[in-house]
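Input: a single structure, listed below in structure tokens.
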Amino acid sequence: MREVSATEFQTRAGLYIEQSGKEPVLITKHRRPARVLLDIEEYERLKARDTRQAYATQDLPDEWTAALEAADYGEADPKLETLIK
């Protein structure tokens, strides 16, 4: 993977956009990874594999709500109980 500083990326963005078609380009800030520039086809391939979904509590499927209500969470830790009183 090609690695480039954010400053260098700003100076030669066109070059790194072209290179990202061949391999991902890691953009660093203060020598730490900050962003990765990917070819759009690779991004779409990765995105298609991501099947995670977030739910608001009120939108949980009924079977999940029932499973959570029926779950045995064991004994409550007395130290934690004092935090909610």
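Values below: all heavy atoms of this structure, side chains included; hydrogens, waters and symmetry mates excluded.
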If you look only at pairs with a residue in [range], which of them pass as a salt bridge (charged side-chain N to carboxylate O under 4.0 Å, His left out), with sequence neighbours excluded?
range	result
residues 7-23	Glu8-Arg12
residues 39-51	Glu42-Arg45, Asp50-Arg52
residues 61-75	none

Practice prompt. Using side chain to side chain contact (heavy atoms under 4.5 Å, CB included) as the criterion, list what pairs up with Ala13, not counting sequence neighbours.
Written response: Phe9

Please round to the nearest 0.5 Å and tell me the distance separating atom [atom1] of [X] and atom [atom2] of [Y].
X	Y	atom1	atom2	answer
Ser5	Gln10	OG	CD	8.5 Å
Thr82	Asp77	OG1	CG	8.5 Å
Gln58	Thr65	CD	OG1	10.5 Å

Worksheet item: Can you name the nearest heavy-atom pair linking Pro24 to Val36, along with the distance?
Response: CB-CG1, 3.9 Å

Worksheet entry | Set of side chain to side chain donor-acceptor pair (under 3.5 Å) partners for Arg35, sequence neighbours left out | none

Discussion item. If you define the side chain from C-beta out and look only at heavy atoms, does anything of Val25 sit under 4.5 Å from Ile17?
Written reply: no

Worksheet item: Tell me, do Leu37 and Leu26 make a side-chain contact under 4.5 Å, heavy atoms counted?
Response: no

Worksheet item: Going by the ring-ring contact (aromatic ring centres under 6.0 Å, His included) test, which pairs reach into residues 16-56, not counting sequence neighbours?
Response: Tyr55-Trp64

